2 protein chains.
Amino acid sequence: MTTQFTPAVPVRTYERVVEQIESAITSGTVRPGEHLPSERELMVQFSVSRPTIREALRVLQSMGLVESKPGGRGGPKVLEPSPASLTRSFATMVRLDSLSMTELVQFRLVLDSSACRLASTLHTAEQLEQMRSCVERMEAEVGKDAEAFARADMDFHLTVWEASGNALLAMCGRAVAGAILELITRQLKDSGATERTEAESAALDRGIFEAIAAGEAAEAGRRARQAIYDRYASILPPSDGPGLDALMG
Amino acid sequence: MTTQFTPAVPVRTYERVVEQIESAITSGTVRPGEHLPSERELMVQFSVSRPTIREALRVLQSMGLVESKPGGRGGPKVLEPSPASLTRSFATMVRLDSLSMTELVQFRLVLDSSACRLASTLHTAEQLEQMRSCVERMEAEVGKDAEAFARADMDFHLTVWEASGNALLAMCGRAVAGAILELITRQLKDSGATERTEAESAALDRGIFEAIAAGEAAEAGRRARQAIYDRYASILPPSDGPGLDALMG
DNA sequence: CAAGTGGGATGGTAAGACCAGTGCACCGAA
DNA sequence: TTCGGTGCACTGGTCTTACCATCCCACTTG
């Protein structure tokens, strides 16, 4: 025997509770909508104290797996799967990492063009109709209600992400678009100079829509890239140009 | 006055503690590597009891923001930003069936090919050397140490993501790769059938490396796409084919 | 039979205590 | 003087107990 002892890593009690409950949920032993035993019941079943149970429940809650409410008969409720936790993780990462505007725009360029390619072949008739509606709303609001225009713009992209059939792409797209929007509005409050590009934006989005409608994946991707580039390149430091250009070929 | 009372929503004490500490971290008041006050100190500063502080810390810990170890002078340590929490979210969602493996692979295909394109033009000499080293490590471990091979493989992609110059891309890439790896290895434990593709994987990665080294962005992206496709298409349900094919053009 | 009231269970929070591990400072030996 | 070991103080981990606010349900009462 070659002294193959495994390190005696200390394992937190509440972590084991988390593991067991988590696997009970993912394995379907308890289904969404059902209730776990109450804290007092769990502390008996796990042979641990209530604070330990509670710490475990807090972790599960922050993962979006369960929800605790007082009173309701029968303890913590198992929630429906939801992207809330992923969205939050993504958002905190974006906030935490002191990302540059260029990185955000670059990332969105990647996501958007891919989503458009996918949407070109995977869209449903209904989604296509919704895209058309959004584009028309944009065109109708050019130069009028800036907020309504922005909303229509966002709705268009939401629909595209939806139509890509990839929930991950959709979630990241929403998160990064939100982050960009936030930074932009903050930045604009300093510098002024807002609209005037509305007409161009609407035209770009219509171009994307038509490529998607025609099912021309490559063209849709190209137009999406170009749209992001045209819209945001001007607000990025010129020194960051290579980063964007590398993706434009 | 039009009866504009806001609902007296009960707010959990530990949630407020989480918020305050979280904003202290995201705002940079405390930096990664630094220590928060000890639990006993925090319970004085927040005027709450220790269990409340601990529940808040468990939540922050599950978000990957802090780490608690006994002894070390000065309380919980603030961690470097890491994709760990994102990785876990991905894996959990797939296990809960609210995300398919195909979506995960598709997402990685998008990220990987973009990262390779960027890396082709933005890489430093040092990073290039590191990539070469990883590829050679892979080739040396073919058919030998499976774990060392996997590590070299992962290191290669880590370097590529690093070289892309986009921290967001890198984080998401690491997260999705980690999730895929975790899910795959679990799946393999059930089905057996592992190696034999190691040689092919090494060859694919070498191809990517050479395209990056040559600065051929488009070719690097194409090869990265192909590599993901070849490696994972076989484990995905054939009905999900269109999703991947749409990106392969 | 309906409306209101009470009880009982739940989660939220607090206070106090003990244990095990860690790091540092101090002190003794080389 | 310097190196090494020992002890102490502090940390987090866990447990116990307790009290409060809330909520659901059943029972009582009109």
Side-chain angles (χ1 to χ4, degrees), chain A residues 5-22 24-25 30 32-79, chain B residues 5-22 24-25 30-79 84:
Chain A
F5 296 112
T6 75
V9 49
V11 67
R12 306 287 137 84
T13 309
Y14 79 90
E15 278 291 355
R16 305 232 285 217
V17 175
V18 167
E19 283 170 19
Q20 289 198 45
I21 296 182
E22 187 179 3
I25 293 176
V30 287
E34 290 180 8
H35 289 267
L36 268 53
S38 74
E39 297 183 358
R40 287 168 176 84
E41 176 68 20
L42 288 171
M43 84 187 229
V44 174
Q45 293 191 22
F46 283 103
S47 293
V48 297
S49 72
R50 197 157 156 236
T52 302
I53 293 290
R54 288 181 57 78
E55 289 180 19
L57 288 176
R58 289 295 85 78
V59 172
L60 291 166
Q61 184 171 334
S62 87
M63 296 194 300
L65 292 178
V66 304
E67 173 195 60
S68 285
K69 268 190 310 187
R73 297 288 177 184
K77 190 166 79 171
V78 178
L79 296 177
Chain B
F5 295 113
T6 75
V9 49
V11 64
R12 306 289 140 82
T13 309
Y14 80 89
E15 277 292 355
R16 305 230 286 214
V17 175
V18 168
E19 283 170 19
Q20 288 197 46
I21 296 182
E22 187 180 3
I25 293 175
V30 287
R31 316 198 135 274
E34 290 181 6
H35 289 266
L36 267 50
S38 75
E39 296 183 358
R40 287 169 176 83
E41 176 67 22
L42 288 171
M43 83 187 229
V44 174
Q45 292 191 23
F46 284 104
S47 294
V48 297
S49 73
R50 197 156 156 233
T52 302
I53 293 291
R54 286 180 59 78
E55 290 180 19
L57 288 176
R58 289 295 86 78
V59 172
L60 291 165
Q61 183 172 333
S62 87
M63 296 193 300
L65 292 178
V66 304
E67 175 195 57
S68 284
K69 269 190 309 188
R73 296 291 178 186
K77 190 165 80 169
V78 178
L79 296 177

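By convention in this document, chain letters (A, B, ...) are assigned in the order of the sequence lines, proteins followed by strands, and residues within each chain are numbered from 1. Note that the structure is a prediction, hence the values are computed from the model and not measured.
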> Side-chain N or O of T13(A) less than 4.0 angstrom from OP1 or OP2 on dT14(D)?
Replying inline: yes
> Roughly, in whole Å, what's the span from CZ in R40(A) to P in dT10(C)?
Replying inline: 7 Å
> Given the rule in the side chain to side chain contact (heavy atoms under 4.5 Å, CB included) test, do E22(B) and M63(B) qualify, once you have shown the distances and angles that lead to the verdict?
Replying inline: CA-CA 10 Å; E22(B) 187 180 3; M63(B) 296 193 300; 4.2 Å; yes
> What's the NE2-C1' distance between H35(A) and dC24(D), to the nearest Å?
Replying inline: 11 Å
>> What is the distance, to the nearest angstrom, from the CG atom on L36(B) to the P atom on dC10(D)?
In response: 19 Å
> Between Q45(B) and P37(B), which heavy-atom pair has the shortest distance, and what is it?
Replying inline: NE2-CG, 3.8 Å
> Looking at side-chain heavy atoms only, is the closest gap between R54(A) and P51(B) below 4.5 Å?
Replying inline: no
>> With the threshold set at under 4.0 Å for non-hydrogen atoms, list the residues of residues 43-57 of chain A touching DNA chain C in residue-number order.
In response: R50(A), R54(A)
> Can you find a side chain N or O atom of S38(B) that sits less than 4.0 Å from OP1 or OP2 on dT11(D)?
Replying inline: yes
> How close or far is atom C1' of dG13(D) from atom CZ of R16(A), stated in whole angstroms?
Replying inline: 14 Å
> Roughly, in whole Å, what's the span from CD in E41(B) to P in dG12(D)?
Replying inline: 10 Å
>> If I compare all heavy atoms of S62(B) with all of V59(A), which pair ends up nearest, and what's the gap?
In response: CB-CG1, 3.9 Å
> What's the CZ-P distance between R58(A) and dG11(C), to the nearest Å?
Replying inline: 10 Å
> Quick one: which of dT13(C), dT10(C), dG13(D) gets closest to the side chain of R12(A)?
Replying inline: dG13(D)
> Which whole-number value in Å describes the distance from E15(A) CD to dT14(D) P?
Replying inline: 10 Å
> Reading DNA chain D 5' to 3', how would its secondary structure be written in dot-bracket notation, given Watson-Crick and G-U pairs with both distances under 3.5 Å, brackets [ ] for crossing pairs and | for partners on other strands?
Replying inline: ||||||||||||||||||||||||||||||
> Among side-chain atoms of T13(B) and T52(B), is any donor-acceptor pair under 3.5 angstrom?
Replying inline: no
>> Could you tell me how far apart E67(A) (CD) and dG12(C) (C1') are, to the nearest whole angstrom?
In response: 15 Å
>> Quick check: closest heavy atoms across P76(B) and S38(B), and the distance to 0.1 Å?
In response: CD-CA, 4.4 Å
> Looking only at heavy atoms, what is the nearest atom pair of L57(A) and V66(A), with distance?
Replying inline: O-CG2, 4.1 Å
> How close do R31(B) and V78(B) get, heavy atom to heavy atom, and via which atoms?
Replying inline: O-CB, 3.7 Å
